[in-house]
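Below is one structure, written out as structure tokens, with a few remarks after it.
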Amino acid sequence: MATQIVMDLNGDSRHQFDPQDAEALAKAERRFKELTGAGFIAAARTATGDSRLMRSFDPTAKETLFFPRLVGG
Amino acid sequence: MFWLGQQASECEWRARAVIGLFRSARNANTPEVRGLRLLRSWLSPTQLAQFDAKGHFDVVGGESGKKYRIKFGICANVLELSEDGTPKVGWCVVPDCCLVAGDVMLAQKIALEAFEGVALAKANKFGAPAR
């Protein structure tokens with residue numbers, strides 16, 4: 001199973017899907033586009049523990065994290 | 001610089017209190033605990049050990065190689081470190097929505113590692129020496 005994690009007021013919301021299921025994969029890709037279109041930033045972890053930006057949907061990503069755009073505080 | 005040092009010690013005791021709370025409420029499902037759980041799961045082993053011991057963790061800027069310290073908090077909690085490890089200047093950059101501390105700190109870590117220049121261009125600087 002793969003997971004999309006969206007930061008929100010409750011800490012986060014998680015959406016799990018089976019990447020082998022074409023319908024679930026399409027839904028996950030739609031969610032990716034909706035969130036990034038709304039200004040969320042998508043990131044994944046590299047094998048070394050660093051973070052990388054995801055500019056497009058990656059069907060092989062085990063875990064994708066979405067957080068709101070950043071502003072100066 | 002004195003202010004940065006003072007802020008650092010205040011953040012440290014606050015962080016220790018929150019980490020203690022996290023340990024005692026590890027299985028709780030509050031936003032604060034969920035945020036800390038998510039942050040901990042994304043930290044590298046070195047960052048996690050540092051966070052557990054000191055309440056902060058260091059990040060290497062993905063573009064400049066500069067070292068930053070992310071302290072427990074939701075704003076004005078990112079310090080750029082000089083080569084000797086002392087705070088040089090502070091940066092405030094946060095998600096544009098109300099999030100718990102663990103989430104804010106994780107967003108800051110990812111920003112500095114993955115798109116440092118863009119993040120700092122949006123950030124406000126604080127604690128710079130007066131000229």
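By convention in this document, chain letters (A, B, ...) are assigned in the order of the sequence lines, proteins followed by strands, and residues within each chain are numbered from 1. Because only heavy atoms are used, hydrogens play no part in the values below, and waters and symmetry mates are left out as well, while side chains stay in. Note that the coordinates shown come from a computational prediction; the quantities given were computed from them, not determined experimentally.
Both A:L53 and B:L112 sit in one connected hydrophobic cluster of ILVMFWY residues. Membership requires side-chain heavy atoms under 4.5 Å apart, directly or through other members. Note: the hydrophobic cluster containing B:V100 does not contain A:F40 (ILVMFWY, side chain heavy atoms under 4.5 Å, direct or indirect links). Put simply, B:L120 and B:V94 are part of the same group of oily side chains (I, L, V, M, F, W, Y) that touch within less than 4.5 Å, one to the next. Note on B:L48: it does not cluster hydrophobically with B:V60, by side-chain heavy-atom contacts below 4.5 Å among ILVMFWY residues. In terms of hydrophobic clustering, with Ile, Leu, Val, Met, Phe, Trp and Tyr side chains grouped at heavy-atom distances under 4.5 Å, A:L70 and A:L35 are assigned to different clusters.
Once rounded to the nearest 0.5 Å, the distance linking CG of A:D12 with CZ of B:R37 reads 9.0 Å. Atom CG of B:L106 sits about 5.5 Å away from atom CG of A:L65, to the nearest 0.5 Å.
Considering all non-hydrogen atoms of both residues, B:A114 and A:S51 come closest at CB-O, 3.8 Å. Looking at every heavy atom in both residues, B:R34 comes nearest to A:S13 through NH2-N, 4.4 Å. Closest approach of A:L9 and B:L99 over heavy atoms only: N-CD2, 4.4 Å. In plain terms, the two heavy atoms of A:A43 and B:I110 that are nearest each other are CB-CG2, 3.7 Å. The minimum heavy-atom distance linking B:L38 with A:R14 is given by the pair CD1-NH2, 3.6 Å. Here the closest heavy-atom approach between residue B:A107 and residue A:M7 is recorded as N-CE, 4.1 Å.
Contact of B:A123 with chain A is made through the backbone alone, with heavy-atom distances under 4.5 Å. Both the backbone and the side chain of A:R69 come within less than 4.5 Å of a heavy atom of chain B.
Annotation: maximal heavy-atom pairing with chain A below 4.5 Å, among B:V93, B:D103, B:N124, occurs at B:D103. Interface summary for chain A: among B:G35, B:P45, B:C98, the most heavy-atom pairs under 4.5 angstrom belong to B:C98.
Surrounding CD1 of B:I74 are at most 12 heavy atoms belonging to other residues, nucleotides or ligands under 6.0 Å away.
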